[in-house]
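Just so we're on the same page: letters track the sequence lines, and every chain starts at 1. Computed from a predicted model, the values in this text were never measured in an experiment.
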2 protein chains.
Amino acid sequence: MSDSPGPVRTLRGRNRITSDDPADAGMDARSRIQQVALELFIEVGYDKTSLREIAEKLGVTKAALYYHFPTKEDIVNSLIQDRITVVAELLEWARDRPRTAEMRLEFVRRYSEGLHRGNRHDYVMRFFERNQTVVNTLAAGEAMRDQLAKVVDVLADPDEPAAVRLRRSLAIFAVHAGHFILRDREPDDQKRIEAALEVAEDLLGD
Amino acid sequence: MSDSPGPVRTLRGRNRITSDDPADAGMDARSRIQQVALELFIEVGYDKTSLREIAEKLGVTKAALYYHFPTKEDIVNSLIQDRITVVAELLEWARDRPRTAEMRLEFVRRYSEGLHRGNRHDYVMRFFERNQTVVNTLAAGEAMRDQLAKVVDVLADPDEPAAVRLRRSLAIFAVHAGHFILRDREPDDQKRIEAALEVAEDLLGD
DNA sequence: GTCTATAGAGGGATAGAC
DNA sequence: GTCTATCCCTCTATAGAC
């Protein structure tokens with residue numbers, strides 16, 4: 001809830017998650033907070049990440065954070081909001097299209113594209129899966145859950161057999177997980193994404 | 001670490017996770033604590049579950065818990081320990097067997113069996129996936145991660161192409177997730193397990 | 001084996017100066 | 001926009017009686 005005061009949302013094209021240090025000029029305060037918080041939320045966990053820790057890593061004090069985000073939850077919500085918007089657009093695209101095999105394929109490709117092109121959406125999803133219990137207590141988290149269910153429903157009719165539904169659900173999961181599961185063996189980002197898509201398309205077929 | 005004082009480990013055959021109330025005679029104190037804690041850890045999350053809450057649900061006080069488990073972490077560790085043992089045995093079984101297609105199939109079947117027959121192992125795994133960031137700070141959690149990697153390595157040679165590796169990894173995930181993903185559409189436990197196995201076997205083929 | 005009471009630490013959030 | 005200082009709360013864990 002609430003998108004708070006603070007400066008206007010800039011959200012520059014940024015993919016890497018390595019704002020280890022002050023080399024991060026080029027980002028406004030709000031973005032830098034989001035970035036550092038997201039890293040910590042993924043690695044240490046949302047609950048175990050204190051505002052003090054975030055502030056320290058940014059070289060400011062806790063109180064400074066409160067100027068940009070009224071609560072800790074608001075940091076998460078701001079992160080999730082972008083992602084929700086993008087998926088909502090994709091669902092809108094799919095809305096009245098007939099559920100053909102080609103349509104489903106195109107749907108997954110667009111899904112993958114939105115996940116990897118946009119701003120750190122892959123890391124937002126990683127946060128989501130690594131902090132499931134936290135996310136369930138958030139309104140924005142509930143929204144994401146609903147969307148995910150709708151995405152799955154695009155890929156498989158709710159009254160298809162259980163095995164088919166599961167198989168198609170895994171297509172989405174392949175797109176999500178591929179990026180991280182393969183990280184150690186396949187260093188090339190693009191190659192990983194393509195491999196994941198290959199598996200996903202395979203799962204959609206009969 | 002540490003398996004603490006407390007009574008001897010009994011761990012009766014028990015599958016349901018519904019110890020809502022004192023209808024849970026038949027379990028010793030230690031098991032009842034594990035049961036209630038596991039439920040809360042899954043639903044509310046490990047961090048947000050306080051010992052007070054666990055104690056309240058059991059109708060005792062916090063201090064009583066400390067008699068059975070020296071720390072909060074020890075509850076988790078005791079839960080995970082069984083699971084680690086079972087998977088270790090399965091990996092031992094697989095150790096020197098040739099990696100044929102039949103062997104992989106049998107491996108996954110045994111994996112599924114150990115997951116659903118044993119004592120609430122499916123819920124332990126659900127705890128694992130829903131509290132990933134917490135589990136990573138635990139020694140026992142690290143052990144589970146290692147085992148999972150080894151399980152995947154049984155199904156796919158580390159130097160096979162990325163897409164193949166991902167596909168096979170998903171076989172294990174299907175077994176894990178199927179049970180929960182399909183819960184709303186397919187009420188029959190056994191049917192869900194079979195559907196998941198069907199998908200898993202499919203993913204192992206070429 | 002369970003209780004009451006409390007120590008001791010750390011967290012989120014606010015007040016108000018600059 | 002950032003700071004210092006502080007409030008207030010909850011949590012884990014321990015001490016010691018019964």
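Taking the six-membered ring where the residue is Trp, the centroids of B:H121 and B:F128 are separated by 6.0 Å or more.
Under the ring-ring contact (aromatic ring centres under 6.0 Å, His included) criterion, the residue pairs touching residues 27-65 of chain B are B:F41-B:Y46, B:F41-B:F127, with sequence neighbours excluded.
If you measure from atom CG of B:L65 to atom P of D:dT14, you get 13 Å, rounded to the nearest angstrom. A:I54 places its CD1 atom 17 Å from the C1' atom of D:dT2, with the value rounded to the nearest Å. A straight line from CG of B:L58 to P of C:dG1 spans 15 Å, rounded to a whole angstrom. The distance between atom CG of A:D74 and atom C1' of C:dA13, rounded to the nearest whole Å, is 12 Å. When the C1' atom of C:dG1 is taken as reference, atom CZ of B:R32 falls 13 Å away, rounded to whole Å.
Using a distance-only test at 3.5 Å, with no hydrogens or angles considered, no donor-acceptor pair links the side chain of A:R185 to the main chain of B:A162.
A:T71 and A:D74 share a donor-acceptor pair across their side chains, judged by distance under 3.5 Å alone. No side-chain N or O of A:Q147 forms a donor-acceptor pair with one of A:R83 less than 3.5 Å apart.
Not one side-chain nitrogen or oxygen of B:T61 sits closer than 4.0 Å to the OP1 or OP2 atom of C:dT2.
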Self-check item: Derivation of the side chain to side chain donor-acceptor pair (under 3.5 Å) call for A:N136 and A:T133
Solution: CA-CA 5 Å; A:N136 278 5; A:T133 55; over 6 Å; no

Practice problem: Classify every nucleotide of nucleotides 7-12 of chain C by which part a protein heavy atom approaches to under 4.0 Å, writing B for the base, S for the sugar-phosphate alone and - for neither, in 5'-to-3' order. | Solution: ----SB

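Nearest nucleotide to the B:Y67 side chain, out of D:dC3, C:dG1, C:dT4: C:dG1.
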